[in-house]
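Right, one structure below, let's go through it.
Letters A, B, ... are given to chains in the order of the sequence lines, protein chains preceding strands, and every chain is numbered from 1.
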There are 2 protein chains.
Amino acid sequence: MNISQAATRAGLPAKTIRYYEEIGLITPGRGANGYRDFSQTDVHNLRFLARARSLGFTIEECRALLTLYADKGRASGDVKRIAQKHLEQIDSKIAELRSMRATLSDLISACAGDHRPDCPILTGLAGESR
Amino acid sequence: MNISQAATRAGLPAKTIRYYEEIGLITPGRGANGYRDFSQTDVHNLRFLARARSLGFTIEECRALLTLYADKGRASGDVKRIAQKHLEQIDSKIAELRSMRATLSDLISACAGDHRPDCPILTGLAGESR
DNA sequence: CTTGACCTTCCAGTAACTGGAAGCACTATC
DNA sequence: GATAGTGCTTCCAGTTACTGGAAGGTCAAG
């Protein structure tokens with residue numbers, strides 16, 4: 001099938017699929033006219049990639065996961081290790097955002113937000129409040 | 001003062017400060033030798049930028065905030081609007097990460113993580129579990 | 001006068017796409 | 001067969017916010 005159909009089935013933009021081929025994540029065949037020809041397996045791999053990316057795995061992690069996915073002799077421990085490491089990164093990102101959120105929220109609630117120039121948000125950012 | 005001292009006082013790498021000048025966030029003076037010469041105000045602005053960036057504001061938001069900071073006739077409402085919009089983005093990012101975390105965590109806990117090839121993480125990513 | 005630390009600019013690379021231009025291929029219609 | 005419209009191709013550039021490194025000028029100490 002052509003790229004637009006593969007894109008629809010995988011839930012990815014055609015542009016992204018071309019990019020994935022460019023970096024060697026997938027290697028669809030080619031028709032006589034030079035068009036990419038996607039097999040069911042290609043689409044399957046694209047869906048796999050779409051899900052992995054939506055869980056926040058980096059491209060390189062996706063590459064590793066896809067390799068493990070194709071390797072029927074894999075050890076599930078290898079997969080789990082990657083996933084756990086990623087989970088830790090998600091957790092630290094959440095913690096970082098929560099910390100930002102707390103500070104920002106405090107500043108916002110202290111600000112009148114009217115036509116007057118006095119602004120605790122700015123003075124907070126300027127470091128005058130500590 | 002020279003850039004390394006300004007960097008120390010602002011808590012930013014010298015590279016970053018040069019970058020900020022390049023994109024017009026700050027405009028330190030220059031000595032006869034061509035070295036940048038940072039005033040107290042420059043350092044103050046750098047610290048402001050460092051704090052704003054650490055709260056996750058984008059460079060363009062920082063630019064706007066810095067402009068408002070310099071404008072003594074500002075309306076605090078303008079500042080608050082920027083901050084609130086940013087807070088919303090933080091919240092949606094947190095929500096997204098939490099959703100990822102939940103899914104990933106489920107997959108991980110279902111995986112034995114040993115030498116065997118069976119892996120719920122991979123089958124989950126492949127979409128076979130739904 | 002040389003050494004070492006510090007400064008300068010400029011170029012390239014990062015992550016993961018995304019937009020757009022120029023040009024060939026296919027399908028349908030007139 | 002000409003034409004129009006859609007889809008495909010490649011290639012180049014831009015995005016965000018830096019970061020690393022090279023080549024070379026400057027300064028303070030000994």
Looking only at heavy atoms, what is the nearest atom pair of [X] and [Y], with distance?
{"X": "Asp114(A)", "Y": "Ser76(B)", "result": "N-OG, 3.0 Å"}
{"X": "Cys62(A)", "Y": "Leu49(A)", "result": "CB-CD2, 3.7 Å"}
{"X": "Ala14(B)", "Y": "Ala7(B)", "result": "N-CB, 3.9 Å"}

Side-chain donor-acceptor contact under 3.5 Å, Thr103(B) with Asp106(B):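 There is no such pair between these side chains.
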Find the distance [X]:[atom1] to [N]:[atom2] and express it as a whole number of Å.
{"X": "Glu22(B)", "N": "dT16(D)", "atom1": "CD", "atom2": "P", "value": "14 Å"}
{"X": "Tyr20(B)", "N": "dT16(D)", "atom1": "OH", "atom2": "P", "value": "14 Å"}
{"X": "Ile3(A)", "N": "dT9(D)", "atom1": "CD1", "atom2": "P", "value": "5 Å"}
{"X": "Glu21(B)", "N": "dC18(D)", "atom1": "CD", "atom2": "P", "value": "15 Å"}
{"X": "Lys15(A)", "N": "dT15(D)", "atom1": "NZ", "atom2": "C1'", "value": "14 Å"}
{"X": "Asn2(B)", "N": "dT26(D)", "atom1": "CG", "atom2": "C1'", "value": "10 Å"}

Look at the side-chain N and O atoms of [X] and state whether any lies under 4.0 Å from the OP1 or OP2 oxygen of [N].
{"X": "Thr16(B)", "N": "dA17(D)", "answer": "no"}
{"X": "Thr58(B)", "N": "dT16(D)", "answer": "no"}
{"X": "Arg36(A)", "N": "dT9(D)", "answer": "yes"}

Touch class at under 4.0 angstrom, heavy-atom based, for Arg18(A) against every strand present: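 Base contact - Arg18(A) has a heavy atom under 4.0 Å of at least one base atom.
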Donor-acceptor pair, side chain of Ser105(A) and main chain of Ala102(A), under 3.5 angstrom: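 Judged by distance alone, no pair lies under 3.5 Å.
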Any donor-acceptor pair under 3.5 Å from Arg74(A) side chain to Leu68(A) backbone: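 Between the backbone of Leu68(A) and the side chain of Arg74(A) there is a qualifying donor-acceptor contact (under 3.5 Å).
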Contact boundaries on DNA chain C for chain B, cut-off under 4.0 Å to non-hydrogen atoms: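 Listing 5' to 3', DNA chain C meets chain B from dC6(C) to dC10(C).
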Position toward the 5' end of DNA chain C (nearest nucleotide), Asn33(B) or Arg53(A):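 It is Asn33(B), whose closest nucleotide lies nearer the 5' terminus.
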Aromatic ring pairing Tyr69(B)/Phe48(B), orientation class (parallel under 30°, perpendicular over 60°, tilted between):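 The arrangement is parallel - the two ring planes meet at less than 30°.
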Given DNA chain D, 5'-ward residue of the pair Ala32(B) and Glu60(B), judged by closest heavy atom: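 Final value for this comparison: Glu60(B).
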